[in-house]
Structure formats: C-alpha cells, structure tokens
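First comes the structure, then the notes that go with it.
As the structure is a prediction and not an experimental result, all values here were calculated from the model.
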Amino acid sequence: EIYALYITPTSSKEWGDDVLGVDTLPPGEYTTITFPPGAKATYWDLRVEDEDENYIEWNKFNLKKIVTIELYYKNGKATAIFN
C-alpha cells in the first residue's frame, strides 16, 4: 500500500507535498494525477513511501511522452512500467 506519493521536476531539490493528500493507495488501485497547463518541466521524478516511510524513487520520467505509469513491487524488487 502506498502511503505517500511525490512528484517533482527532476531539476528540483525538494519533493513538495504528498499528492495523495490524506488518502492511501491500496494494492491494485490507481489514481489520476493532472498537471497544471503551465507546468514546463519535461522530466519528473517519482517517490512512493509505505507506512514506515520506506521509499522507492524513480528518476527522469518524460511526462510529455508518458501517459500512464504502473508501479509493481514483488519479491523485494520495484518496477515501473510506462507507456
């Protein structure tokens, strides 16, 4: 279960706010994240945290070309599939 989700431009040094707010994202569920029209960054980093604040980060997603990102964690390995 994802307890926090952060997305920031790759050039940023800070993560900013948890885009899930007070909710969590249970296994098998999804959320939609919309960026404001003025968002100019091409590359974005993604960070997810569990209830113990353990985290996994992915870097340099080109969100001008990617429509969906699916995150998987199995047998101690994190994977992101995108298209």
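- Among residues two or more places apart in sequence or in another chain, the side-chain contact (heavy atoms from CB on, under 4.5 Å) test is passed with Asn62 by Thr42, Tyr43, Lys64, Lys65.
- Formation of a donor-acceptor pair under 3.5 Å by the Asn59 side chain with backbone atoms of Asp45 is not found in this model.
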Would Val19 and Tyr6 count as a side-chain contact (heavy atoms from CB on, under 4.5 Å) here? Give the steps. CA-CA 6 Å; Val19 298; Tyr6 303 94; over 6 Å; no
Given side-chain contact (heavy atoms from CB on, under 4.5 Å), test Trp58 with Ile56 step by step and report yes or no. CA-CA 7 Å; Trp58 289 270; Ile56 302 168; 3.6 Å; yes
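- The CZ atom of Arg47 sits 5.0 Å away from the OH atom of Tyr55 when rounded to the nearest 0.5 Å.
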Expected list for residues 21-32: side-chain donor-acceptor pairs under 3.5 angstrom, two or more places apart:
from  : atom 1 : to   : atom 2 : distance (Å)
Thr24 : OG1    : Glu1 : OE2    : 2.4

Stepwise side-chain contact (heavy atoms from CB on, under 4.5 Å) check, Glu57 with Trp15: CA-CA 11 Å; Glu57 296 176 1; Trp15 283 103; 3.7 Å; yes
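- For the atom pair NZ of Lys40 and OG of Ser11, the computed distance is 13.0 Å after rounding to the nearest 0.5 Å.
- Leu46 and Tyr3 fall into different hydrophobic clusters, defined by Ile, Leu, Val, Met, Phe, Trp and Tyr side-chain heavy atoms under 4.5 Å apart, directly or through other members.
- With sequence neighbours excluded, the residues satisfying side-chain contact (heavy atoms from CB on, under 4.5 Å) with Phe35 are Ile7, Ile33, Ala39, Trp44, Leu63.
- In this view, Asn54 and Asp50, Asp52 satisfy the side-chain contact (heavy atoms from CB on, under 4.5 Å) rule, not counting sequence neighbours.
- The structure places CD of Glu49 at 10.5 Å from CG of Leu20, a figure rounded to the nearest 0.5 Å.
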Tabulate below the donor-acceptor pairs under 3.5 Å that side-chain atoms of residues 66-83 make, not counting sequence neighbours, or state none.
from  : atom 1 : to    : atom 2 : distance (Å)
Thr68 : OG1    : Asn83 : OD1    : 2.6
Glu70 : OE1    : Tyr72 : OH     : 2.5

